[in-house]
K.L.:
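One structure follows; several queries about it will come next.
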Amino acid sequence: MGQSRLWRAVRRLADGALTVAITLLGLVALTFFIGRIVPIDPVLTIVGEKAPQAVYDRVFIELGLDKPLYEQFFVYLGEVIRGDLGTSFVTTRPVIVDIGRFFPATFELATLGIVLGIILGVPAGVVAAVNREKWPDHLIRVIGLIGYSVPIFWLSLMALLVFYARLEWVGGPGQLDISYQYSYTRVTGLVLVDTAMSGDFAVFANALSHIILPAILLGYYSMAYISRMTRSLMLEQLNAEYVLTARIKGLREAVVVTRHALRNAAIPLVTVIALSYGMLLEGSVLIETVFAWPGLGNYIASSLLSGDMEAVLGGTLVVGAIFVFLNVASDALYRVLDPRSR
Amino acid sequence: MKVKRLLPALMLGLALSTAPAALSPAFAETPADTLVVADVIDDVITLDPHEVSEIGGVLTTNQVYQTLVSYDVNDPTQIFGVLAESWEVAEDGVTFTFHMNPDAKFASGNPVTAEDAEYSIRRIVKMNKRSAFIITQFGFTPENVDEWVKATDENTLVVKIAEPYAPSFLLYCLSSYASAIVEKAAVEEHVEGDDFGNAWLKNGVPSVGSGPYIVSRWDPKEAIVLERNDNFWGEPAPLQRIIIRHVGESATQRLLLEQGDIDIANKLTPDDHDALASNDEIKKLEGLSATIYYMGLNVRNEALGNDKFREAMKYLVDYQGIVDTISRGTMEVHQTMIPRGFLGATDYNPYSYDLEKAKALIEESGLETPVDLGVVVWNSPPYTDFAQAAQATMAPAGVNLNLEVVDGSQWLSRYRNADLDIWMGLWGPDYPDPHSNAKAFSVNVEDAPDGSEGLADRFGWDAGDLSPRTMEAVRELDTQKRQEMYEEIQKEHTDTSPFLYMFQELRAVGVRSNVEGIVLGTTFADDRYWNVTK
């Protein structure tokens, strides 16, 4: 009996690992071939448009572009399996080093954003569902709709204009004021953590004043999605028979909503939140551009435009791995939240 | 007041319990000893001076490295010595002797010798990176350069070139960013295989130059930090530090400049300049750029191969209208290949919008209208604006432009492969000699001494006798005569070539009003920051 349970666990793990491997392989293959088909010429980024043909041809061969596509792919795959993501020709550094540099900026922004999104989005969704078709519901839905439909690019610029340029409540684009930029030691790459560790409160406060606005915007954006999903998941639960039973039993409405309905809605909600966190971790290119934020989204986007495929592939792999991880984590959380799936 | 309070609440739809006001320290201006420049530098791939060519990279190496000679950006005819104190040209016109300045020192404190200069030029030729053509066009090859470029003693460098040219031509090329002098001993310590230390030097942090600044760090796609060179042999720079920050968005640069978080905004759109016009804390520095905007017409296309039709097209762009409404102060009408400010420039601008004349010319051409043509356009202003304006004014004459709006890399590659009908493009000279443009636009491959293809070949055009005449002009030793030759060549070129010249760019940079001493070059990369005070 015990042995068969162990066997099942091992099998489940092996299945999971296989799925992950196939997912990542598919991702690498897809990104690689799209990257090669897209009419962007990496050689031009390196040699510029004025270099003579001979220089162009030499770099073309140096990059291995003269080999057949499948051969290039297998060479790359071999490197990835050995743990080598290659070197970005734009930054001249190994891609893994670049990601170590750009990902933390996105990570701390996305994490703050999703925390704000959850804190605001879940209660808003619950309130909207409970007050269905009444004014709080309408208000929350309108706010959500705005967050969903207003271009984030425009919203970011407006927010900067109001809170940075006019009211001067927050710091401007970039992670720190320029006078603090090089005044702390980079340890984790997370500016909030590193500046806090430096022990200089002024630097930490400055970092906080810079991250707060983009984090709120990201939080608003994910709140819009989370509150809508919470609302519909809650409505589903509130119309279920067990809720009716609970009400007939005479339980207080607050208990019905939070202890019964919300707890059941929480299970699918975990997936919703995990996916929106994943989306934020990819890095929002537009927010990162407006806020001059040195994050992963900007890194991948600008690498793509230079045809720097090693960097794009490396970045995509990391994002893919994050999604896989978040999926696994939310599956695990399912088991905790839902006794039936244990 | 009410609106001001309501707006944030509405926009974000949440009342923050944490008052953000508590977070914000008093807003410091940029540090007094630091110049903070916002620019677009995410395309910088190297800081090796013999490899750089993006604007951000060249802007950096120009503050860090020096050349044998240089020129006055306000009057390019004034050439002066920098690392070379003096020079003479032998009777044969191909032997140049440079005498090094004995005071010159590298950032390491070591003197700049003729041997360093010799090594640097050989390194350019042997590495043959993308900007090496500026030097190799004089006939240097990896095989002959050891023979042709020689330090005869510590103080004397002798350079031989393949054939005689106007002497200023070589001097201008030696003043280019591509001809920086590096410290031989320092580079040689880091050579790996046959890379000439490129892998080491491209990261920029080790500075082996003699300029007023040294690179102290480069965070690719984020920032480049320069520190004052304490061993500088000239007048030390007033400011301790220059930080070039990557800020991709013009509106963001504007906000940072308004708040005093940066000192210089290099990439502002006309709209943002307009918005800053009433702000007394900001001034707009203006200068002349040598960049020329044109449409390249591929004569392999049947219609574009027709002389009359091409002439008609030149009457179908509303040049002045575009300058007045779209470009507002960033462009001026310019219809010849050599930019204003250069030797041989003329104010020959024969074309203006004339629909009737264009229709008559198309009639004469014998072509059936409508004619459909594809235009490859970079998906960024001003290219998209120019293309849309041209599309609107050409349509009434039966010339239909289909805009193929693509990203920058694809735009370049379509042009390089001549895989297009029309290219909406630009050209910036690599050195301030008229030959930089003249060679590109009117010399065919068979007349080019280094056998390189220029724009004429790229667009399938046989320049006829303009091609040998252009090469004659660069070999003319008499400056006055040379100037006249260029003037004549250009008129014919403008009338007959498949290049529909439109504008010369005007430079505009937004600067905090306390910042003084910036010297604007003819390209963004040419700007000189070492006399800046604030």
Side-chain angles (χ1 to χ4, degrees), chain A residues 39-41 44-55 58 89-93 98 101 120 143 146-147 155 157-174 177-179 181-182 202 205-206 208-209 212 216 220 289-292 294 298-299 302 305-307, chain B residues 4 7-8 11-14 16 20-21 23-25 27-28 30-31 34 36 42-46 53-54 128-133 199 202-203 217 219-223 225 243 245-249 251-252 255-256 258-259 261-262 406-410 412-416 430 450 452-453:
Chain A
I40 290 178
D41 186 349
L44 273 185
T45 313
I46 297 178
V47 303
E49 80 279 15
K50 288 180 181 174
Q53 193 61 34
V55 177
R58 190 189 67 218
F89 66 69
V90 174
T91 66
T92 73
R93 290 149 171 64
D98 277 348
R101 193 160 177 95
L120 301 167
I143 291 170
I146 293 172
L155 201 60
L157 271 176
M158 285 304 121
L160 265 180
L161 187 68
V162 173
F163 296 104
Y164 162 64
R166 296 286 169 267
L167 298 173
E168 303 195 350
W169 283 359
V170 298
D177 278 7
I178 210 77
S179 24
Q181 189 80 52
Y182 302 104
N206 189 258
L208 200 57
S209 83
I212 193 82
I216 287 174
Y220 178 37
T289 304
V290 173
F291 284 93
N298 245 339
Y299 176 72
S302 74
L305 291 180
S306 333
Chain B
K4 229 179 184 179
L7 199 58
M11 276 182 50
L12 297 180
L14 35 92
L16 277 173
L23 296 171
S24 72
F27 278 99
T30 57
T34 305
V36 185
D42 61 348
D43 59 346
V44 175
I45 68 171
T46 176
S53 85
E54 311 80 19
N128 198 14
K129 298 284 186 183
R130 51 194 172 159
S131 50
F133 68 93
K202 75 194 307 181
N203 292 313
R217 65 187 291 163
D219 299 328
K221 303 184 191 219
E222 277 183 68
V225 183
I243 300 177
R245 266 183 78 179
H246 174 69
V247 182
E249 173 55 37
T252 308
L255 290 175
L256 285 164
E258 281 179 313
Q259 289 305 104
D261 282 333
I262 57 174
V406 297
D407 84 278
S409 165
Q410 202 185 342
L412 283 180
S413 110
R414 295 278 300 268
Y415 144 83
R416 230 189 129 88
D430 299 285
D450 57 354
S452 61
E453 281 198 353

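Per chain, numbering begins at 1; letters A, B, ... match sequence-line order.
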K.L.:
What distance separates A:Ile178 CD1 from B:Thr34 OG1, expressed to the nearest 0.5 Å?
P.N.:
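These two atoms lie 8.5 Å from each other.
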K.L.:
What is the distance from atom CZ of B:Arg414 to atom CG of A:Leu44, rounded to the nearest 0.5 Å?
P.N.:
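The CG atom of A:Leu44 is 13.0 Å from CZ of B:Arg414, to the nearest 0.5 Å.
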K.L.:
If you count heavy-atom pairs within less than 4.5 Å of chain A, which of B:Glu258, B:His246, B:Lys202 leads?
P.N.:
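Most pairs with chain A among the choices: B:Lys202.
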K.L.:
If I compare all heavy atoms of A:Pro173 with all of B:Arg245, which pair ends up nearest, and what's the gap?
P.N.:
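Heavy atoms only, the tightest pair is O-NH2, 3.1 Å.
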K.L.:
Measure distances from B:Asp407 to the heavy atoms of chain A and classify the residue's part below 4.5 Å as side chain, backbone, both or neither.
P.N.:
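Side chain only.
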K.L.:
Check each atom of B:Ser413 against the heavy atoms of chain A and say whether the ones under 4.5 Å are side chain, backbone, both or neither.
P.N.:
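Both backbone and side chain.
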K.L.:
Heavy-atom distances under 4.5 Å only: say whether B:Leu412 touches chain A with side chain, backbone, both or neither.
P.N.:
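Contact with chain A involves both backbone and side-chain atoms of B:Leu412.
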K.L.:
Does any heavy atom of chain B fall under 4.5 Å from the side chain of A:Gln181, the backbone, both, or neither of them?
P.N.:
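Interface part for A:Gln181: neither.
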K.L.:
Picking from A:Ile46, A:Asn298, A:Val290, A:Asp98, which has the most non-hydrogen pairs under 4.5 angstrom with chain B?
P.N.:
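Top option by heavy-atom pairs under 4.5 Å: A:Ile46.
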K.L.:
Under the ring pair (Phe, Tyr, Trp, His ring centres under 6.0 Å) rule, collect the residues that match up with B:Phe133, sequence neighbours excluded.
P.N.:
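Per chain and number, B:Phe133 pairs via ring pair (Phe, Tyr, Trp, His ring centres under 6.0 Å) with no residue.
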K.L.:
Could you go through the side-chain contact (heavy atoms from CB on, under 4.5 Å) check for B:Leu255 and A:Leu161 one step at a time?
P.N.:
CA-CA 7 Å; B:Leu255 290 175; A:Leu161 187 68; 3.6 Å; yes
K.L.:
Under 4.5 Å from any heavy atom of chain A, what part of B:Val225 do you find: side chain, backbone, both or neither?
P.N.:
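Side chain only.
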K.L.:
Checking heavy atoms, do the side chain of B:Gln410, its backbone, both or neither come under 4.5 Å from chain A?
P.N.:
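It is both, since atoms from each part get that close.
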K.L.:
With rounding to the nearest 0.5 Å, note down the distance linking OG1 in A:Thr92 to CD1 in B:Ile45.
P.N.:
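Going from OG1 on A:Thr92 over to CD1 on B:Ile45, the span is 9.5 Å.
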K.L.:
Considering only heavy atoms and a distance below 4.5 Å, find which of B:Ile243, B:Asn128, B:Thr46, B:Val44 pairs most often with chain A.
P.N.:
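Max contact count across the listed options: B:Asn128.
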K.L.:
Say you draw a straight line from CD of B:Glu249 to CG of A:Leu157; how long is it, rounded to the nearest 0.5 Å?
P.N.:
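The distance works out to 5.5 Å.
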K.L.:
Could you verify whether a donor N or O on one side chain and an acceptor N or O on the other, from A:Thr91 and B:Lys221, lie under 3.5 Å apart?
P.N.:
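No, because no side-chain N or O of A:Thr91 sits under 3.5 Å from a partner of the opposite role on B:Lys221.
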K.L.:
Looking at every heavy atom in both B:Asn203 and A:Arg93, which two are closest together, and how far apart are they?
P.N.:
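Taking every non-hydrogen atom into account, OD1-NH1, 3.4 Å.
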K.L.:
Using the test ring pair (Phe, Tyr, Trp, His ring centres under 6.0 Å), find all partners of A:Phe291 that sit at least two apart in sequence or belong to another chain.
P.N.:
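Expected list: none.
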K.L.:
Considering only heavy atoms from C-beta outward, does the side chain of A:Tyr299 approach that of B:Asp42 to under 4.5 Å?
P.N.:
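Counting from C-beta outward, A:Tyr299 and B:Asp42 never come under 4.5 Å.
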K.L.:
Which one wins on heavy-atom pair count under 4.5 Å against chain A: B:Thr252, B:Ile262, B:Val36?
P.N.:
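The answer is B:Thr252.
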K.L.:
Tell me, side chain or backbone of A:Ser306 under 4.5 Å from chain B's heavy atoms, or both, or neither?
P.N.:
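Neither part, no heavy atoms under 4.5 Å.
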K.L.:
Do B:Asp219 and A:Tyr182 have side chains that get closer than 4.5 Å, going by heavy atoms?
P.N.:
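Touching, per the 4.5 Å side-chain cut-off.
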K.L.:
For the residue pair B:Gln259 and A:Ala165, what are the closest heavy atoms and their distance?
P.N.:
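Shortest heavy-atom separation between B:Gln259 and A:Ala165 comes out as OE1-O, 3.2 Å.
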K.L.:
Closest approach of B:Arg130 and A:Thr45, non-hydrogen atoms and distance?
P.N.:
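Heavy atoms of B:Arg130 and A:Thr45 come nearest at NH1-O, 3.5 Å.
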